[in-house]
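Notes for the one structure printed next.
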Amino acid sequence: MRHSDAPILLLNNDATIAEADMFRLLAALDSDPTIGVVGPVILDAEQETVISAGNKDLVWRHQNAIRTPPPAAVSVAYVSGAVALVRAKLFREVGLLDEHYFFNVEIADLCRRARQHGYRTVVEPAARAYHNLNRSSVLRDTLYTYYIIRNRFLYIRKFYRGLRLPLTGFWALYSWLLAWKVQWAGNPGSAQAIRMGLGDGLRGRFGGQNERVLAACTRGAKQFPS
């Protein structure tokens with residue numbers, strides 16, 4: 001294998017994977033040239049419970065993570081962005097991660113483009129990795145919530161043009177109702193993040209919005225304290 005053809009590891013700074021599990025991912029990638037992306041089963045680093053054994057298409061469901069590891073390697077819509085091994089030539093053929101997402105859903109987008117070019121995305125159950133959710137827990141109710149709400153609209157724009165109107169309408173209504181539910185549950189900061197994700201998704205305001213979102217969520221939390 002030429003150096004330029006070496007697979008590329010995508011690894012979050014709050015995730016870890018052992019050397020033996022990396023070799024399992026490499027073996028899965030080498031076993032089939034149609035596999036473009038392979039990921040391990042992701043476990044919570046504290047509780048050691050399964051967070052993700054791959055994911056289903058995020059357009060058709062809100063909770064789309066697969067929680068039960070398969071008995072053998074299996075194709076999925078996309079793997080967790082916390083840890084993923086990508087065939088180098090896939091990036092040359094389909095392009096890099098779409099920076100318009102900035103955070104979250106960019107791996108789903110990459111795996112979707114890979115599928116359009118004939119590549120499969122696979123989860124390898126023999127490989128395990130750990131995601132320390134506590135390191136990012138403070139931002140999960142705000143930034144994570146904002147980007148998952150907003151970026152779904154970008155994903156629909158790119159890959160569901162024929163169904164864009166009904167899907168956009170459905171997720172707009174869903175997000176609006178979710179914002180009210182979260183508000184009444186006593187989490188105004190998270191409700192503000194949902195409203196901003198909805199508004200920006202409909203307007204097409206993408207890219208990084210961290211400072212703006214955090215400032216608005218902080219104001220919302222102070223205005224409507226729980």
Side-chain angles (χ1 to χ4, degrees), residues 1-45 50-59 64-67 69-70 72-133 135-136 144 147-148 151-152 154-160 206-208:
M1 178 182 293
R2 295 177 302 172
H3 180 71
S4 60
D5 290 333
I8 297 171
L9 176 66
L10 305 180
L11 180 68
N12 278 10
N13 60 4
D14 56 359
T16 58
I17 183 170
E19 182 179 13
D21 290 297
M22 271 297 304
F23 279 116
R24 293 184 180 104
L25 294 183
L26 283 167
L29 203 62
D30 288 341
S31 70
D32 188 341
T34 69
I35 298 176
V37 183
V38 61
V41 173
I42 306 294
L43 303 175
D44 186 313
V50 175
I51 299 173
S52 171
N55 298 275
K56 300 177 182 179
D57 194 324
L58 57 87
V59 163
N64 64 322
I66 300 169
R67 303 289 185 178
V74 64
S75 295
V76 293
Y78 64 101
V79 294
S80 170
V83 183
L85 193 65
V86 184
R87 196 177 295 278
K89 74 172 187 176
L90 185 146
F91 282 118
R92 295 195 294 268
E93 293 181 20
V94 311
L96 302 177
L97 296 175
D98 188 340
E99 296 182 356
H100 288 93
Y101 291 100
F102 185 74
F103 169 76
N104 204 297
V105 185
E106 73 276 13
I107 298 299
D109 179 285
L110 176 69
C111 294
R112 180 68 180 239
R113 285 184 281 135
R115 190 157 66 250
Q116 292 175 337
H117 283 73
Y119 289 103
R120 294 191 298 133
T121 296
V122 167
V123 62
E124 173 50 72
R128 303 296 173 101
Y130 294 89
H131 194 183
N132 189 343
L133 299 179
R135 289 184 58 183
S136 56
Y144 180 89
Y147 285 114
I148 187 61
N151 288 345
R152 183 179 276 111
L154 175 56
Y155 190 85
I156 290 171
R157 285 186 180 208
K158 291 185 65 174
F159 301 112
Y160 288 92
F206 300 115

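What you find for P69 and A53 is that their closest heavy atoms are CA-CB, 3.8 Å. Closest of all the heavy-atom pairs between L97 and F91 is N-CE2, 4.5 Å. Closest approach of D21 to A127, counting heavy atoms only: OD1-CA, 3.4 Å. Across S75 and R120, no two heavy atoms sit closer than the pair OG-NH1, 2.8 Å. Contact detail for V94 and R113: the closest heavy-atom pair is O-NH1, 2.6 Å. Scanning both residues, V79 and V122, for their nearest heavy atoms gives CG1-O, 3.6 Å.
Residues satisfying the side chain to side chain donor-acceptor pair (under 3.5 Å) criterion with Y160, sequence neighbours excluded, are D57, W60, R112.
With a 4.5 Å cut-off on side-chain heavy atoms, L43 and V50 count as touching. Using a 4.5 Å cut-off on side-chain heavy atoms (C-beta onward), R128 and V41 make contact. Side-chain contact between V123 and V74 is present, with heavy atoms from C-beta onward closer than 4.5 Å. Within the 4.5 Å cutoff, no side-chain heavy atoms of T16 are placed close to those of H131. In this structure, the side chains of F159 and D109 come closer than 4.5 Å at one or more pairs of heavy atoms.
Without hydrogens or angle criteria, N151 side chain to V105 main chain gives no donor-acceptor distance under 3.5 Å. At distances below 3.5 Å, at least one donor-acceptor pair connects side-chain atoms of R152 with backbone N or O atoms of L58. Between the side chain of R87 and the backbone N or O of I35, at least one donor-acceptor pair lies under 3.5 Å.
Ring-plane geometry between Y147 and F102 is classed as tilted, the angle between the planes lying from 30 to 60 degrees on a 0 to 90 degree scale.
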Walk me through it: do Y78 and N64 pass the test side-chain hydrogen bond (donor to acceptor under 3.5 Å, both in side chains)? CA-CA 10 Å; Y78 64 101; N64 64 322; 2.6 Å; yes

Applying side-chain contact (heavy atoms from CB on, under 4.5 Å), run through L9 and V83 and close with a yes or a no. CA-CA 7 Å; L9 176 66; V83 183; 4.2 Å; yes

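Heavy-atom neighbours of K158 NZ from other residues, nucleotides or ligands within 6.0 Å: above the threshold of 12.
From E124, atom CD reaches atom CZ of R24 across 8.5 Å, with rounding to the nearest 0.5 Å.
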